[in-house]
Amino acid sequence: MDNRSIANLLIETADLLEIAAGDPFRVRSYRRAAEAVESTTLQLGRLAAEEPKKLLEISGIGKGMAANILEIEKAGTLPLREELLAKYKPSMLELLKLPGMGPKSVALFWETLQVCDIDGLEAAIEAGKLEDLPRMGAKAADKLKKGIAEYRKNSGRFHLDDAEIAAEKIAGYLLAYPGIDRVTPAGSLRRGRETVGDLDLLATGPVCEEDKVAPAVDYMAAYPPIASLIAKGANKVSFRLSSGLQVDVRLLPEVSYGAALQYFTGSKMHNVSVRQRALKRGYTLSEYALAKVEDGSFVAGATEEEIYSALGMDWIAPELRENNGELEAALEQRLPELIELGDIRGDVHMHTVMTDGRNTLREMAEAALAKGYSYIAITDHSKNLAMTNGLDDQRALEHIARIREIDKEFSEIQNSSNRQQIRVFAGIEVDILGAGELDLSDEVLAQMDVVIASVHTLFNQPLEEMTARVLRAIENPYVRILGHPTGRMLLRREAYQIDMARVLKAAASAGAAVEHNANPNRLDLSDRDLRMAKEAGCKIVVNTDAHHTSEMENMRYGIRQLRRAWLTKADVLNTLDADEFIKNLRPKPENQRQNACVLRHFRVF
DNA sequence: GCCGTTTTCGGCCCGACTGTTTTCAGTCG
């Protein structure tokens with residue numbers, strides 16, 4: 001079993017244990033173990049089979065947890081989880097996903113109302129049964145009702161990274177079959193949408209020709225992780241994985257691969273529009289080929305490029321295929337040259353063991369160097385995030401001193417060898433408090449290269465109040481970057497209400513940058529927000545907010561979103577080299593004052 | 001259930017916010 005699945009079982013056990021009012025520290029140890037399992041680079045499945053003693057070397061995994069992991073490998077589950085599931089219901093784990101719903105409420109509803117699933121909860125709310133319960137009232141019921149609506153809107157969709165990992169595994173399996181030489185994800189995954197409803201995969205190769213594809217289809221249908229087979233056709237297999245993700249795999253001959261890719265990539269509106277244009281030119285486009293209307297003769301089909309080209313268009317990057325003007329641009333050869341992963345020179349939002357990160361300052365710098373970045377900023381949390389051991393003024397100053405040392409050391413390494421240079425900037429992610437003030441002093445912030453101001457709490461504030469708070473924070477001249485300004489957290493909860501247009505305008509006029517968080521599981525901007533930011537003239541920075549060296553890899557997902565917003569290299573600040581980046585971040589106030597002096601000087605004389 | 005030790009048991013990131021209370025439990029980050 002892969003690490004993520006093992007971790008999920010441990011998390012489920014922790015959730016159930018919490019509902020059962022088990023020892024909170026025991027619960028935490030299950031969660032810690034799950035985190036350790038997920039972040040280790042070791043393959044636990046293989047380790048458990050070959051060298052089980054090595055499991056104990058992982059921090060957070062002791063004797064009991066190692067036994068649990070061995071049991072998971074052997075039986076696919078662990079005894080405690082089974083025991084708890086016999087007492088409670090699996091659907092309670094889903095109830096926990098509702099915003100505002102925790103283990104105590106799940107237990108309460110089960111014990112008093114025998115409610116164990118979302119439908120049951122909804123019925124209980126409608127019947128007004130919740131309000132008789134202790135600590136429950138009209139407002140709480142209303143909140144849950146909204147939570148249910150939000151959950152239903154998003155359920156069944158998966159984060160881009162989860163879909164991509166699943167796609168890579170299936171592609172690996174298919175490519176191991178002799179005679180299949182290309183597998184490409186299509187659909188919303190290929191378009192880079194931040195959530196994916198189901199997975200479309202296209203495969204081709206010599207064995208995918210119409211008359212000999214059957215054995216390859218059988219092979220696909222025998223993919224071991226399949227939880228349930230939905231359909232098996234002549235060249236198509238549909239199935240569901242245990243995560244609930246539905247996958248459609250199509251095996252297609254090479255001659256029509258491009259047409260199929262174009263067709264299954266969508267979006268629907270883009271395809272409708274392309275076909276209308278094809279018809280005007282006397283062509284008809286299907287998933288098999290672009291053909292002449294008059295006699296059905298083949299025009300193009302093997303690649304997307306030849307299809308778009310036959311229609312007089314440049315090839316359109318999948319991220320742009322939303323019928324948002326990309327066809328017109330393609331016809332007039334004015335499609336933007338979209339930003340690429342390789343354009344990014346630095347990642348300026350990351351955490352270390354000083355607060356809630358999992359790696360040290362040095363490890364983060366080494367990892368960034370290995371990735372070829374020319375700079376990073378270490379931006380640990382400030383004190384208001386007490387759970388992360390956030391830095392107060394004093395510790396922040398010590399933090400800066402340590403970063404300066406590492407920065408010096410890494411530039412010396414560069415001088416004494418041929419290694420590439422990396423700059424390490426000192427930074428902080430400060431909290432925007434209730435009145436818009438920050439939780440560290442200006443004296444300390446002034447010494448930072450990168451100050452990111454973020455809202456971490458206060459989710460239920462009215463729009464006006466929340467907007468005012470963020471606007472006030474931007475007024476602080478030391479705020480260089482506005483962190484996750486929308487508070488939008490996909491699949492988990494509603495965004496907090498904020499007037500983005502005003503915030504972006506204020507950031508643009510103050511010269512502060514806005515951040516796009518590349519981590520698919522965190523707070524970020526939508527492609528609409530990103531387009532708005534560009535239009536407002538905002539500087540944009542894309543960061544991974546890495547809490548672990550491996551999370552730096554998430555940059556590629558962030559880039560997909562930037563591409564969907566039609567952004568180019570010139571639109572994104574951290575494509576600049578280190579010196580230019582710092583120069584273009586919001587200038588420090590002392591520089592602004594200097595500038596003001598110079599201006600006055602000119603006026604007088 | 002893990003960890004570390006002042007070795008075999010005691011401690012385990014903590015503070016803000018909300019909606020219910022009328023002093024606090026539950027949830028969240």
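The figures here come from the full heavy-atom set of this structure, side chains too, leaving out hydrogens, waters and symmetry mates.
Distance from the side chain of M65(A) is smallest to dG1(B) among dG19(B), dG26(B), dG1(B). Closest contact between the side chain of S29(A) and the listed nucleotides dG29(B), dG1(B), dA25(B) involves dG1(B). The nucleotide whose nearest atom lies closest to any side-chain atom of F25(A) is, among dC12(B), dC3(B), dG26(B), dC12(B).
The backbone N or O of E437(A) sits nowhere less than 3.5 Å from a side-chain atom of N476(A) that would complete a donor-acceptor pair. In this structure, the side chain of N554(A) does not engage the main chain of A546(A) through any donor-acceptor pair within 3.5 Å.
No engagement by P134(A) is indicated, since no non-hydrogen atom pair under 4.0 Å with the nucleic acid exists. Among the heavy atoms of the strands, none lies under 4.0 Å from A107(A). Heavy atoms of R28(A) sit under 4.0 angstrom from primed sugar atoms or phosphate atoms, though from no base atom. In this structure, D23(A) reaches the bases: a heavy-atom distance under 4.0 Å links it to at least one base atom across the strands shown. Within the 4.0 angstrom heavy-atom criterion, no nucleotide atom of any strand lies near T355(A).
For the side-chain contact (heavy atoms from CB on, under 4.5 Å) test, residues two or more places apart in sequence or in another chain that qualify with D162(A) are R4(A), H159(A).
Comparing the P positions of dT21(B) and dG26(B) gives an interatomic distance of 13 Å, to the nearest angstrom. Distance noted for atom P between dT5(B) and dC24(B): 37 Å (whole Å). Nucleotides dT7(B) and dC14(B) place their P atoms 23 Å apart, quoted to the nearest Å. Separating the P atom of dC13(B) from that of dC17(B) is a span of 23 Å, rounded to the nearest Å. Spacing of P atoms, dT6(B) relative to dG1(B), comes out at 26 Å, to the nearest Å. For the C1' atom pair drawn from dG15(B) and dT8(B), the interatomic distance equals 33 Å after rounding to whole Å.
Salt bridge annotation for R404(A)-D449(A): present, with a cationic side-chain nitrogen under 4.0 angstrom from a carboxylate oxygen.
Going from atom NZ of K143(A) over to atom C1' of dT18(B) covers 6 Å, rounded to whole Å. Rounding to whole angstrom units, CG of residue L80(A) and P of dG1(B) are separated by 7 Å. One interatomic measurement links the two molecules: CD of E131(A) to C1' of dT20(B), which rounds to 13 Å at whole-angstrom precision. Residue R469(A) contributes atom CZ, which lies 8 Å from atom P of dC17(B) at whole-angstrom precision.
Taking the six-membered ring for Trp and thresholds of 30 and 60 degrees, H381(A) and H351(A) have nearly parallel ring planes, at less than 30 degrees apart.
In this structure dC14(B) sits in a base pair with dG29(B), meeting the Watson-Crick or G-U test at under 3.5 Å.
If you find the closest nucleotide of DNA chain B to A386(A) and to L96(A), the one lying nearer the 5' end belongs to A386(A). Mapping A141(A) and R26(A) onto DNA chain B by nearest heavy atom places R26(A) closer to the 5' end of the strand.
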If you look only at distance, which donor and acceptor atoms sit under 3.5 Å apart when one is on a side chain in residues 77-86 of chain A and the other is two or more places apart or in another chain?
| unit_1 | atom_1 | unit_2 | atom_2 | d |
| --- | --- | --- | --- | --- |
| T77(A) | OG1 | R81(A) | NH1 | 2.9 |
| T77(A) | OG1 | E82(A) | OE2 | 2.9 |
| R81(A) | NE | E12(A) | OE1 | 2.9 |
| R81(A) | NH2 | E12(A) | OE1 | 3.0 |

